[in-house]
Amino acid sequence: MADKKIILTGDRPTGKLHIGHYVGSLKRRVELQNSGLYDKTFVFIADAQALTDNIDNPEKVRQNVIEVALDYLACGLDPAKSTIFIQSQIPELCELSFYYMDLVTVSRLQRNPTVKTEIQMRNFETSIPVGFFTYPISQAADITAFKATTVPAGEDQEPMIEQAREIVRRFNHIYGETLVEPEILLPTNAVCLRLPGTDGKAKMSKSLGNCIYLSDPADVVEKKIKSMYTDPTHIKVSDPGKLEGNTVFTYLDAFSRPEHFERYLPDYPNLDELKAHYTRGGLGDMKVKKFLAAIMQEELTPIRERRKEFEKDIPAVYEMLRKGCEAARETASATLDEVRKAMKINYFDDAELIAEQAKRFAQE
Ligand code: TRP
């Protein structure tokens, strides 16, 4: 078991998945799933985590569970190769979290930078739900229940993985070698760490309305790209343009490949030449946006079409999830058996313990 390579990652179902999720993690996990380098791949929909700050909006979470499942299948996650499941259906995760809570201090949670920013974003101030505050612990349970070695995720997840690693070390130190320390697998392309929104703002977010969704129809993608933020001082085509903070070029950094130039923009050999022309002046935004749109459509069309196919049989998608939950529970429950044993709370499946106690009392 110890040297197995296991992937685990998940998403909160608070909206449909967008191209930020795609370049940040989704695309990579499909490649990893297909690479044959991993013994197992677990991908899950973190509905219980989504509820930690949406407790009064269960309908939103419920709706988005199926949206995220469809996005997964559309991107090429394959239930024959990956176990796809829903977090809340694995009660073992709650039990693990409960034990892990004893291994983490309040001040350690307060220092978690991701939780800190999220608390600010949600204006929780003094009314932070305990469940939300402790979600890094529950996330450690998600990861360790499956003995994951590798967590493909964006850079915002780094503090979570660090927290999980600390819990694993502490647990193994106290109770003996039981859990596996996970590692985060970040995108190799720096711009993919955090793709900005179409308005140039730092993050794609549903509430800012600056996302391109994987399920957006072609004309919507086209429109969103046409109205994308560029360089506000680049007014006339002849004006020199700036690349810094220019979302269209950031997206080209994330999505364009040499063959795209051959196909859609043969006047330029590569992205560097296109950037040089833009900076010099004489290259209009529309031309660059058209190029980006062609690339994005090439990437998104197959995803969109596959999604449409899966949408035709929704009961089958739920059935796939049900089977995934069943398989996931088996793994989580095996880990929990080991955890209980290590923590000495496995009273009834330990004949030795009972015999030992009987002997002790016989001697007294
Ligand atoms: N926190 C992740 C997100 O915001 C979702 C998540 C929950 C997760 N548990 C995880 C990701 C375990 C990776 C591993 O989308």
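All ligand and atom numbering here is 1-based and tracks the order in the structure.
- In this structure, F261 has its ring center under 6.0 Å from that of F291.
- With 3.5 Å as the limit, one finds no donor-acceptor pair spanning the side chains of E326 and Q89.
- Under the 6.0 Å cut-off for aromatic ring centres, F85 and F44 qualify, their centroids lying closer than that.
- Residue L8 approaches ligand 1 through these ligand atoms, each under 4.0 Å from one of its heavy atoms: 12 (C), 14 (C).
- Every atom of ligand 1 with a heavy atom of T9 under 4.0 Å away is listed here by number and element: 13 (C).
- Looking only at atom types and distance, the side chain of Q163 has no donor-acceptor partner in the side chain of Q139 under 3.5 Å away.
- Annotation: Q139 places an N or O atom under 3.5 Å from an N or O atom of ligand 1; distance criterion only.
- Looking at atom 4 (O) of ligand 1, its nearest protein heavy atom turns out to be R12 NE, 3.4 Å.
- Of the candidates V68, V151, I161, V151 brings a heavy atom nearest to atom 14 (C) of ligand 1.
- Neither the backbone nor the side chain of D156 has a heavy atom within less than 4.0 Å of ligand 1.
- Put simply, part of G10 is less than 4.0 Å from ligand 1, judged by heavy atoms.
- The A46 neighbourhood of ligand 1 comprises atoms 7 (C), with distances under 4.0 Å to a heavy atom of that residue.
- Those atoms of ligand 1 that come under 4.0 Å of a heavy atom in Q157, given as number and element, are 1 (N), 2 (C), 3 (C), 4 (O).
- Hydrophobic clustering (side-chain heavy atoms under 4.5 Å, transitive across Ile, Leu, Val, Met, Phe, Trp, Tyr) keeps Y213 apart from V30.
- Between the side chains of S82 and Y72, no donor N or O sits under 3.5 Å from an acceptor N or O.
- Below 30°, between 30° and 60°, or above 60°: for Y264 and H260 the angle between ring planes is below 30°, a parallel geometry.
- Using a 4.0 Å cut-off to heavy atoms of D142, the atoms of ligand 1 that qualify are 7 (C), 9 (N), 10 (C).
- Remark: minimum distance from atom 7 (C) of ligand 1 to any protein heavy atom is reached at Q49 NE2, 3.3 Å.
- Looking at Q87 and R12, their side chains never bring a donor and an acceptor atom within 3.5 Å of each other.
- Taking every heavy atom of D11 and a limit of under 4.0 angstrom, the matching atoms of ligand 1 come to 15 (O).
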